[in-house]
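Only one structure is covered here, and it is reproduced in the block below.
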Amino acid sequence: MTIVNFTPLESLSGGLLIGLASTIFLLTTGRIAGISGILKGIFTSKTNDDRLVRFLFILGLVAGGFIYNLTSSNPINAHAITEINPKLIFGAIFVGIGTALGNGCTSGHGICGLSRKSKRSIVATILFMLAGFITVYFAN
Amino acid sequence: MKKLYSLLSGLIFGLGLGLSGMMSPEKVKGFLDITRNWDPSLGLVMGGALLVTFVSFPLVLKKKAPVCENSFQLPTKKDLDLQVIIGPVFFGIGWGLIGLCPGPAIANLATGATGVIVFFIVMTIAMFLTDLTRNKLLN
């Protein structure tokens, strides 16, 4: 194993911001900042008020990504890295089914759930990490 | 105010995803490539976030209610079941294949990249259909 492209300062600061955002969201709206759950709730929620709260979070997320790319000296070049092929569709279907079935993704289980010391989230986080490591090992 | 806080939370979250490198599928795959050329950065993203939330969540949840609502909306399921085993395994496979999980996929929509938009739409439909089917089967 060799260590490559390590960006400790940026990644740690970004992580702190994500933790701050999740804290503000829980403190003010009382909701868990799990992205898959927030997205799903836009379609499945029973009240318009809840749908709007969720939609605005997602809108903020897009705006945050946009502002980062606009102001950063090192913007994300998503055009170069994702071409439309069967692998992309397959991956998207797996992420969709998996996060819906497991009721959470990296944020909901990996950050919020672990902080609540939820048994389900601990198991989920270990499993998606392991599945990710194994997939990259065989797919690359 | 609740709506403004929600927008603000999403905005800070998105900035965090960008700054951390999590928005880059190549960086995510670099983190998952642990046996070869490993980029450990994303461990620090999760570490940084947990550093805050491990302290803040228990403190916030000690309050009787959040600032803008009458009660907290927390997950109700406590026990392990087959869904919370199979789901994350499926998710991890898709994550490893493309290097996108739901948060970065959404934050990346602003780039207008067709691949990301297609990923987002297919992912959302798959999520919705899975939930619909599950609710039909369980009720």
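Since this is a predicted model, take the numbers as computed values, not measurements. Below, read A as the first sequence line, B as the second, and so on, with proteins coming before strands; counting in each chain starts at 1.
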Fill in: For B:Ile12, the option from A:Leu61, A:Leu20, A:Ile18 that meets side chain to side chain contact (heavy atoms under 4.5 Å, CB included)
A:Leu20
Response to the item:
So CE of B:Met127 and SG of A:Cys105: to nearest 0.5 Å the spacing works out to 6.5 Å
Worksheet, complete the sentence: With chain A, the option among B:Thr130, B:Ile125, B:Leu32 that has the most non-hydrogen atom pairs under 4.5 Å is B:Leu32
Discussion item. Checking side-chain polar atoms at under 3.5 Å, does A:Thr29 have a donor or acceptor matched by the opposite partner on B:Ser6?
Written reply: no
Worksheet item: Just how far is it from atom CG of A:Leu26 to atom OH of B:Tyr5, taken to the nearest 0.5 Å?
Response: 14.0 Å
Discussion item. Using heavy-atom distances under 4.5 Å, tell me whether A:Thr125 contacts chain B through its side chain, its backbone, both, or neither.
Written reply: side chain
Worksheet item: For A:Ala139, is it the side chain, the backbone, both, or neither that has a heavy atom closer than 4.5 Å to a heavy atom of chain B?
Response: side chain
Worksheet item: Can B:Phe128 and A:Lys40 be said to form a side chain to side chain contact (heavy atoms under 4.5 Å, CB included), step by step?
Response: CA-CA 7 Å; B:Phe128 181 68; A:Lys40 209 168 61 181; 5.9 Å; no
Worksheet item: What residue in B:Ala126, B:Gly10, B:Gly94 has the most heavy-atom pairs under 4.5 Å with chain A?
Response: B:Gly10
Worksheet item: Do you know which of B:Leu61, B:Ile121, B:Asn70 has the most heavy-atom pairs under 4.5 Å to chain A?
Response: B:Leu61
Item to complete: Please state whether the side chain, the backbone, both or neither of A:Thr135 comes within less than 4.5 Å of a heavy atom of chain B.
Response: side chain
Worksheet entry | Part of A:Asn69 lying under 4.5 Å from any heavy atom of chain B | side chain
Item to complete: Please work out which of the three classes, parallel, tilted or perpendicular, describes the rings of A:Phe57 and B:Phe13, given edges at 30° and 60°.
Response: perpendicular
Discussion item. Does either side chain, that of A:Thr7 or that of B:Lys27, offer a donor lying less than 3.5 Å from an acceptor on the other one?
Written reply: yes
Item to complete: Measure A:Leu16 against the heavy atoms of chain B and call it side chain, backbone, both or neither at under 4.5 Å.
Response: both
Worksheet entry | Connected hydrophobic set around A:Val4, excluding itself, where side chains approach under 4.5 Å | none
Item to complete: Heavy-atom distances under 4.5 Å only: say whether A:Ser22 touches chain B with side chain, backbone, both or neither.
Response: both
